[in-house]
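Let me begin by presenting the structure, written as structure tokens, before commenting on it.
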Amino acid sequence: MILGAMFKLHASGLGVIASTTELEAVSAFSQIVPDTVIFDDFQKFPPTAATVSSSLLLGICGLPDTIFRNAVEMALADSECYGLENSDTRLSCFFNKALVNVGGDMTKLVPGRVSTEVDARLAYDTHAIIRKVHDLLRLYNDINVPPQRLLFKIPSTWQGIEAARLLESEGIQTHLTFVYSFAQAAAAAEAGASVIQIFVGRIRDWARNHSDDPEIESAQLRGEDPGLALVMKAYNYIHKYGYKSKLMAAAVRNKQDLFSLLGVDYIIAPLKVLQSLKESVASPDEKYSFVRRLSPQSAAKYVFSDEELVKWNQTSLTEAMGPAAVQLLASGLDGYASQANRVEELFGKIWPPPNV
């Protein structure tokens, strides 16, 4: 996802009020998050929150006339970074400034929170993650963006989860991503992460081409989609045991996925799915057929095994993560790290910018 733009339509708890489209009907149960690029569908799906990432910076640099281009050019002209003699340190400074400048612009466009990606190359170093977040937070403070408007997006390695625990204890809101197993989701909830992001479609894709993952095979034996099953289980865990975390279902591929997850806090959906929902009229009878699948009431009845209720630590998390989570986490980190490297390489080529 290059940019997540959230919007909420006619939310009313357990019911649907005066819905005329399927999009309005499903939005009564969950916040729907369009998976979009640089607000390209701003008019169709007005955003209320956003994500700033290395992918987004690459997209901005590839679109010279975007409203965010000036934010990147101002970062490359920053005197603090400009004066650094070490080229690696200078590029890292530009990277941080660009993320924050774009994030600052976004806070002026959306009423909700802006999530800022934390360098995936630091994913296995708790203290480096914390230092990076503190650096980003200081830069946001310099441009008068309050911490309440911010989330910091951290990979769900054990070190990332520990960083989230410590940051949340400081009142800094975290967004744990690359969650592909119940162990990661439960440990993230226990750490107090503000948002936990599970990738439904990626888990399904892995299951189609691989085997020997106990968690996935258990879901399949029950006749369940493993990605959807993980979201449901994580939701039930969070609500049964009173954790504060909000759950985000990402990589939702079709309308049926979305219908199956109604009640989860956030659902990221492709624009083609949202467009179909927007164009499909829900008649007075049909609108009541949209059923909340996940709720605190149903979570209270869910039974967890003793093995699932352990006090999570690095050893128990490592032992509980199956091959799907291990491989998908590694792949996600590689992708994010590659994008970060590309941003720095690009900044190295275009620095200094024109008129500096």
Side-chain angles (χ1 to χ4, degrees), residues 1-4 33 35 51-56 99 115-126 128-130 132-133 151-165 167-168 173-207 210 213 215-216 226-231 233-235 237-238 245-253 261 264-268 312 314 316-341:
M1 182 180 69
I2 294 179
L3 178 94
V33 184
D35 192 357
T51 297
V52 187
S53 65
S54 50
S55 293
L56 178 61
L99 284 172
S115 185
T116 304
E117 176 187 297
V118 176
D119 196 335
R121 295 169 295 187
L122 308 176
Y124 291 100
D125 188 334
T126 296
I129 292 170
I130 292 172
K132 176 65 73 173
V133 170
L151 287 163
F152 293 94
K153 193 173 184 180
I154 300 169
S156 292
T157 58
W158 172 251
Q159 293 81 0
I161 292 169
E162 274 296 283
R165 184 194 307 277
L167 290 165
E168 291 282 351
Q173 299 177 110
T174 61
H175 171 176
L176 283 174
T177 188
F178 295 150
V179 173
Y180 299 106
S181 65
F182 174 73
Q184 287 173 288
E190 192 177 272
S194 295
V195 176
I196 299 171
Q197 185 171 353
I198 295 175
F199 292 86
V200 174
R202 295 183 193 176
I203 296 170
R204 178 186 301 146
D205 293 343
W206 190 95
H210 303 82
D213 186 292
E215 189 170 349
I216 285 178
L228 297 175
L230 177 56
V231 173
K233 190 172 185 178
Y235 177 94
Y237 182 81
I238 289 168
S245 304
K246 301 294 185 182
L247 193 60
M248 175 180 285
V252 168
R253 301 283 170 74
L261 295 171
V264 73
D265 300 289
Y266 309 114
I267 300 175
I268 298 177
W312 295 101
Q314 186 169 5
S316 60
L317 180 72
T318 301
E319 291 176 348
M321 284 176 62
V326 171
Q327 293 173 26
L328 288 168
L329 173 60
S331 176
L333 291 174
D334 286 346
Y336 271 34
S338 174
Q339 289 168 348
N341 288 331

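The first residue in the sequence is number 1, and the count goes up from there. Because the structure is predicted, anything quoted here is derived from the model rather than measured.
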task = Output, in order, the C-alpha distance, side-chain angles, deciding distance and verdict of side chain to side chain contact (heavy atoms under 4.5 Å, CB included) for Ile238 and Ile196.
result = CA-CA 10 Å; Ile238 289 168; Ile196 299 171; 4.2 Å; yes
query = Quick one: are Tyr336 and Phe178 in side-chain contact, heavy atoms under 4.5 Å?
reply = yes
ask   = Backbone N or O of Gln314 within a donor-acceptor pair of the Thr318 side chain at under 3.5 Å?
value = yes
inquiry  = Can you tell me how far apart CZ (Phe199) and CD (Gln197) are? Round to the nearest 0.5 Å.
reply    = 4.0 Å
request  = Heavy atoms only: give me the nearest Ala185-Ala234 pair and the separation to one decimal.
outcome  = CB-CB, 3.8 Å
query = Does the side chain of Trp206 come within less than 4.5 Å of Ile216's, by heavy atoms?
reply = yes
Validation row: Leu230, Phe182 side chains within 4.5 angstrom (heavy atoms) = yes
query = Can any side-chain N or O of Ser54 pair as donor or acceptor with the backbone N or O of Gln339 at less than 3.5 Å?
reply = no
ask   = Quick check: does any side chain N or O of Glu168 sit under 3.5 Å from a backbone N or O of Ser194, one acting as donor and the other as acceptor?
value = yes
key: Min side-chain heavy-atom separation Glu162-Ile129 under 4.5 Å   = no
inquiry  = Run Arg121 and Asp334 through salt bridge (charged side-chain N to carboxylate O under 4.0 Å, His left out) and show every step you take.
reply    = CA-CA 8 Å; Arg121 295 169 295 187; Asp334 286 346; over 6 Å; no
task = Taking Ser156 for its side chain and Thr177 for its backbone only, find out whether a donor-acceptor pair lies under 3.5 Å.
result = yes
key: Smallest separation among heavy atoms of Met248 and Val195, with atom names   = CB-CG1, 4.1 Å
key: Within-4.5 Å side-chain heavy-atom neighbours: Thr174 and Val133   = no
message = Evaluate Thr126 against Trp158 for side chain to side chain contact (heavy atoms under 4.5 Å, CB included), listing each step before the verdict.
response = CA-CA 9 Å; Thr126 296; Trp158 172 251; 5.9 Å; no
inquiry  = Could you check whether any side-chain N or O of Asp265 sits under 3.5 Å from a backbone N or O of Leu247, counting only pairs where one atom can act as donor and the other as acceptor?
reply    = yes
key: pair Val33-Ile267: side-chain heavy atoms closer than 4.5 Å   = no
query = Is there side-chain contact between Val200 and Leu261, with heavy atoms separated by less than 4.5 Å?
reply = yes
Listed partners of Ser115 passing side chain to side chain contact (heavy atoms under 4.5 Å, CB included), at least two apart = Thr51, Leu151, Lys153, His175
Qualifying residues under ring-ring contact (aromatic ring centres under 6.0 Å, His included), relative to Tyr235, sequence neighbours excluded = His239
request  = Work out which heavy atom in Ala187 is nearest to a heavy atom in Ile161; give both atom names and the distance.
outcome  = O-CG2, 3.7 Å
Whether Gln184 side chain and Thr157 backbone form a donor-acceptor pair below 3.5 Å = no
message = So Val326 and Tyr180, do their side chains get closer than 4.5 Å, heavy atoms only?
response = no
request  = May I ask you to decide if Ile268's main-chain N or O and Asp35's side chain share a donor-acceptor pair within less than 3.5 Å?
outcome  = no
key: Point-to-point distance, once rounded to the nearest 0.5 Å, from CG of Leu228 to CD1 of Ile198   = 10.5 Å
message = Testing the 3.5 Å rule here: is there a donor-acceptor pair between the side chains of Ser181 and Glu215?
response = no
